[in-house]
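A, B, ... follow the sequence lines: proteins, then strands. Residue 1 opens every chain. The basis for the numbers below is simple: all heavy atoms, side chains too, and nothing from hydrogens, waters or symmetry mates.
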There are 2 protein chains.
Amino acid sequence: MKATLKDIAEHLNVSVSTVSRVINGKGRVGKETRERVLEAIKELNYQPNEIARSLKRQSSRTIGVIVPDISNAFYANIIKGIEKVARENEKSIIVCNSDENITLEEEYVQLLAQKQVIGLIVASVGGNAEVFKQYRQHGLPIVFIDNLPKIEDNYDFVAIDNYKASYKLAEHLIEQGYRKFAIITGPLNQSTASERQEGFIKCLKDNGIEINYKFIASGEFKLESGYSIMKKWLKGIDKPMALFAANNFIAYGAIKAINEEGLKIPEDIAVVCFDAVDVTGLIKPQITSVNQPAFDIGTIAANIIIRKEKNKKVKAYEKVILEPDMAINESSLLKK
Amino acid sequence: MKATLKDIAEHLNVSVSTVSRVINGKGRVGKETRERVLEAIKELNYQPNEIARSLKRQSSRTIGVIVPDISNAFYANIIKGIEKVARENEKSIIVCNSDENITLEEEYVQLLAQKQVIGLIVASVGGNAEVFKQYRQHGLPIVFIDNLPKIEDNYDFVAIDNYKASYKLAEHLIEQGYRKFAIITGPLNQSTASERQEGFIKCLKDNGIEINYKFIASGEFKLESGYSIMKKWLKGIDKPMALFAANNFIAYGAIKAINEEGLKIPEDIAVVCFDAVDVTGLIKPQITSVNQPAFDIGTIAANIIIRKEKNKKVKAYEKVILEPDMAINESSLLKK
DNA sequence: TACGTTGGTGTTAACGTTTGCGCAAATTGT
DNA sequence: ACAATTTGCGCAAACGTTAACACCAACGTA
């Protein structure tokens, strides 16, 4: 059906290697032959078989990417960043959705390894990196983004400074006059959840503010978690005055609960979180949020992979921690 | 570095084919040998080279997907649907972002064809399907989703009935008492844009409502288009009373303009559109919208590919037009 | 005349699999 | 006890490429 090198070669009565040389522009080929080959390629609509090439070259020219949720704009933008760098370097990417599921994530790691990807970029939902260990040992470069699983030896990692970012959010709330705080984080085995919580608490301690442990909860990074936890708290007599949600979905859920209880943001209760970028511009209230440079995280991670593949012998590990950027909005602004 | 069949074979003093047979569970292998092989596979952490397999099998077990924008939740959900079916059938997917760019789209088609995908699912941004023609001829199954490029012969296609959906939106607005309409669509060479416009206009005509052509504009499917076009209209003395935006981003932009001009939705002007699903639940006003079953579109499209690959001889083409589903919200509700 | 050079091309061996074929040994049936 | 069958396994070809190597012809140079 599809034309192969052999078809072209036979069609022109030359050898396959001659055709191959024309296509790759390597080695010598007579001018006239070259033109005849080029013509035949067009005529037969020849497309090189990338699978065969990959096998021969021992490189798939493909980067594997695993994220928890592709429909989350944060991850979608990371993917776009990766894709840009990949394109520039004539690589392509395979994206897998772990659906926040550690088992699925592991399956995908295996799948991608079998597909001989040149490297893996993973926003892992796992707490440790045991699974990744053996693949690394066998020479598969792995770059973690966003969440950093615990692992003994070195690793490549790209993320923002979650600790510092949360610290700054707390500072902002204190400055606005809030004193009674609540925290809803994600699964604490994920560094994104634990570091954000720790940074926030540290700031409270540094400012001599009492930590109210009954208003610290760990759920999933999902709307439902934010909603149900906040709902429960608001049913009590003692209510928090300012909420720190560890990601956007938790915040959305919490705000929904707050609205339902008829409370006002930010007068009755303030809300701050991570990653609440609003492409529509229509979300009310606009939320104070640390906005991660998702696209950049993607490009940086991809560049690490590219560099590693060019330089296979060098076994250096890069840890890139970006400065957080905070957008202050009405959800936490008491003073004008 | 990585272990191959040969490594295992040598390690055990058996032939490669024996090892291969154990792995694939095909052909006869003695019980004891099988166990020894299985053990060695674990010990050496053998992972089958999927590239070599694909070459030999003449199938990459991979579905290619091209969408205009992965960070649009609509496409992200389509991808999730495709991925689900792919997983169930032991296939994987490669997702490409055409960025609403027809040139990039064509590049990706070629790339995916070279990667020997078993089929292509494309939400094309092009007006015609010339590029796809030759690939189809060479036996590559192609399923169009969402937008249907013009093409002479048959094709596989999955989408909702855009014409009918827009007709229903118009009906709803008329029923609410609106009489002066504006339309902002996307590029008219895309069926998604033209059909939506036509369906809406047809309903107006059927109801004897005058078409105000100065309030019909075609831009891009982007926020900026909705914003600038609406802004211009609102600067005039004669203003429309109800807007039909052909997709969510156009609507967001238009609403931004409406808000800036201090007009009230839906009292001064109503807004309806396509695909304004709000995962946050916080967008104000909540928009009346035709919500496409994105996930289903994905699963259906993927199933078509799967079927085609099982049944290569059969050359049937499927056209699946789903019934539209409309969510009526405050952005168009005058009466209580 | 002979000899290096170089341009153009074909031959061949890989890359890691899968699989049809064949052969010897083991098992079964008569 | 001998044929017929079954079982277990190796051999080798193939999938579509690439690239090291070798070869021949034509040419320039000593």
Side-chain angles (χ1 to χ4, degrees), chain A residues 1-38 40-41 44-62 90 111 113-118 138-140, chain B residues 1-38 40-41 44-62 90 111 113-118 138-140:
Chain A
M1 197 85 242
K2 266 180 222 159
T4 68
L5 279 192
K6 204 174 155 207
D7 296 325
I8 300 189
E10 281 169 3
H11 187 246
L12 295 176
N13 264 315
V14 295
S15 75
V16 256
S17 38
T18 301
V19 184
S20 172
R21 278 190 284 255
V22 172
I23 290 171
N24 293 290
K26 287 182 189 172
R28 288 189 259 274
V29 183
K31 203 180 167 203
E32 199 213 357
T33 326
R34 158 168 289 116
E35 277 164 10
R36 291 203 312 146
V37 170
L38 253 20
I41 286 177
L44 300 183
N45 187 234
Y46 169 76
Q47 301 284 348
N49 184 324
E50 189 60 32
I51 300 261
R53 281 185 158 179
S54 300
L55 179 60
K56 180 66 215 191
R57 291 212 194 105
Q58 296 286 79
S59 163
S60 67
R61 305 213 236 174
T62 302
E90 293 181 294
L111 177 81
Q114 293 182 355
K115 290 211 161 214
Q116 314 293 114
V117 294
I118 60 171
H138 289 299
L140 180 64
Chain B
M1 198 85 240
K2 268 179 220 159
T4 68
L5 280 192
K6 205 176 156 205
D7 296 326
I8 300 188
E10 281 168 3
H11 188 246
L12 294 177
N13 264 315
V14 295
S15 74
V16 256
S17 37
T18 301
V19 183
S20 171
R21 278 191 282 257
V22 171
I23 290 171
N24 294 289
K26 287 182 187 170
R28 288 187 262 272
V29 183
K31 202 178 169 206
E32 198 212 357
T33 325
R34 157 168 293 117
E35 277 163 10
R36 290 203 312 147
V37 170
L38 254 20
I41 287 178
L44 301 183
N45 186 234
Y46 169 76
Q47 300 285 347
N49 183 325
E50 187 61 31
I51 302 261
R53 281 185 157 179
S54 298
L55 179 60
K56 179 67 213 189
R57 291 212 193 107
Q58 296 285 79
S59 163
S60 67
R61 304 214 237 173
T62 302
E90 294 181 292
L111 176 82
Q114 293 181 356
K115 289 210 161 215
Q116 314 295 114
V117 294
I118 61 171
H138 289 296
L140 179 64

Peer 1: Hey, are the side chains of B:Arg36 and B:Asn13 touching, using non-hydrogen atoms and a 4.5 Å cut-off?
Peer 2: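 A side-chain contact under 4.5 Å is absent here.
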Peer 1: Select base, sugar-phosphate, or nothing to describe what B:Thr4 touches, counting heavy atoms under 4.0 Å on all strands.
Peer 2: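 If one applies the 4.0 Å heavy-atom cut-off, B:Thr4 turns out to touch the sugar-phosphate alone, with no base involved.
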Peer 1: To the nearest angstrom, how far is A:Gln114 atom CD from C:dT17 atom P?
Peer 2: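 A:Gln114 atom CD is separated from C:dT17 atom P by 10 Å.
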Peer 1: Check the distance between C:dT17's P and B:Leu5's CG and give it to me in whole angstrom.
Peer 2: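 For the pair B:Leu5 CG and C:dT17 P, the rounded distance is 4 Å.
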Peer 1: Please determine whether side chain to side chain contact (heavy atoms under 4.5 Å, CB included) holds for the pair A:Lys56 and B:Leu55, giving the CA-CA distance in whole Å, both sets of side-chain angles, and the decisive distance to 0.1 Å.
Peer 2: CA-CA 11 Å; A:Lys56 180 66 215 191; B:Leu55 179 60; over 6 Å; no
Peer 1: To the nearest 0.5 Å, how far apart are NE2 in A:His11 and CD1 in A:Ile41?
Peer 2: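 With rounding to 0.5 Å, NE2 (A:His11) is 12.0 Å from CD1 (A:Ile41).
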Peer 1: Between P on C:dG16 and NE2 on A:His138, what's the gap in Å once rounded to a whole number?
Peer 2: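 Value for this atom pair: 15 Å.
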Peer 1: Whole Å only: how far is the CG atom of B:Asp7 from the P atom of C:dC15?
Peer 2: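 Those two atoms, CG and P, are 11 Å apart.
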Peer 1: Is any side-chain heavy atom of A:Lys31 closer than 4.5 Å to one of A:Arg34?
Peer 2: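 No. Closest side-chain heavy atoms not under 4.5 Å.
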Peer 1: Rounded to the nearest angstrom, tell me the gap between atom CZ in A:Arg21 and atom P in C:dT9.
Peer 2: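 That distance rounds to 8 Å.
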Peer 1: Quick check: do B:Arg53 and B:Arg61 have side-chain heavy atoms less than 4.5 Å from each other?
Peer 2: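 Yes, their side chains come closer than 4.5 Å.
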Peer 1: Figure out the NZ/P separation between A:Lys56 and C:dA13, and round it to whole Å.
Peer 2: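 So the two atoms are 12 Å apart, to the nearest Å.
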Peer 1: Considering every strand and a 4.0 Å limit on heavy-atom distances, what is the contact class for B:Arg53: base, sugar-phosphate, or nothing?
Peer 2: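 Sugar-phosphate contact only - B:Arg53 comes under 4.0 Å of backbone atoms but never of a base.
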Peer 1: Any non-hydrogen side-chain atom of A:Ile23 less than 4.5 Å from a side-chain atom of A:Tyr46?
Peer 2: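 A side-chain contact under 4.5 Å exists here.
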Peer 1: Is any side-chain heavy atom of B:Leu140 less than 4.5 Å from a side-chain heavy atom of B:Val117?
Peer 2: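 Yes; the side chains approach each other to less than 4.5 Å.
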Peer 1: Once you round it to whole Å, what is the distance between P of C:dT18 and CD1 of A:Ile51?
Peer 2: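 Taking CD1 of A:Ile51 and P of C:dT18, I get 14 Å after rounding.
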Peer 1: Give a yes or no on whether a donor-acceptor pair under 3.5 Å exists between the nucleobase atoms of C:dT9, that is its base, and the side chain of A:Ser17.
Peer 2: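 Checked by distance alone, the answer is no.
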Peer 1: May I ask you to test the A:Ser54-A:Gln116 pair for a side-chain heavy-atom distance under 4.5 Å?
Peer 2: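 No, their side chains stay 4.5 Å or more apart.
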Peer 1: Between which nucleotides of DNA chain D, 5' to 3', does chain B make heavy-atom contacts below 4.0 Å?
Peer 2: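 Going 5' to 3' along DNA chain D, contacts run D:dT7 to D:dG16.
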Peer 1: Where each residue is assigned the nucleotide of DNA chain D containing its nearest heavy atom, which of B:Lys31 and A:Ser20 is assigned the position nearer the 5′ end?
Peer 2: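 Closer to the 5' end of DNA chain D: B:Lys31.
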Peer 1: Only one of A:Thr62, A:Ile51, A:Asn49 passes side-chain contact (heavy atoms from CB on, under 4.5 Å) with B:Lys115; say which it is.
Peer 2: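 Exactly one option meets the side-chain contact (heavy atoms from CB on, under 4.5 Å) with B:Lys115, and it is A:Thr62.
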Peer 1: So A:Val16, base contact, sugar-phosphate only, or nothing? Heavy-atom distance under 4.0 Å.
Peer 2: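 Contact class for A:Val16: none.
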Peer 1: Could you tell me whether B:Lys26 contacts a base, only the sugar-phosphate backbone, or nothing, with contacts defined as non-hydrogen atoms closer than 4.0 Å?
Peer 2: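 Touches sugar-phosphate only.
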Peer 1: Name the nucleic acid region contacted by B:Thr33, choosing base, sugar-phosphate or nothing; use a 4.0 angstrom heavy-atom cut-off, strictly under.
Peer 2: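 Result for B:Thr33 = sugar-phosphate.
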Peer 1: Under 4.0 Å between any heavy atoms, over every strand shown, what does A:Thr18 touch: base, sugar-phosphate, or nothing? Just pick one.
Peer 2: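 Sugar-phosphate contact only - A:Thr18 comes under 4.0 Å of backbone atoms but never of a base.
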Peer 1: What is the bend of the helix from C:dT1-D:dA30 to C:dT30-D:dA1 when you compare the axis at one end with the axis at the other, using five pairs each and rounding to 10°?
Peer 2: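 Nearest ten degrees gives 50° for this helix.
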Peer 1: Got a second to check how far A:Leu38's CG is from A:Thr33's OG1, nearest 0.5 Å?
Peer 2: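 Here the interatomic distance stands at 11.5 Å.
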Peer 1: Output the rounded distance in Å from CZ (B:Arg61) to P (C:dT17).
Peer 2: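 It is 13 Å, rounded to the nearest whole Å.
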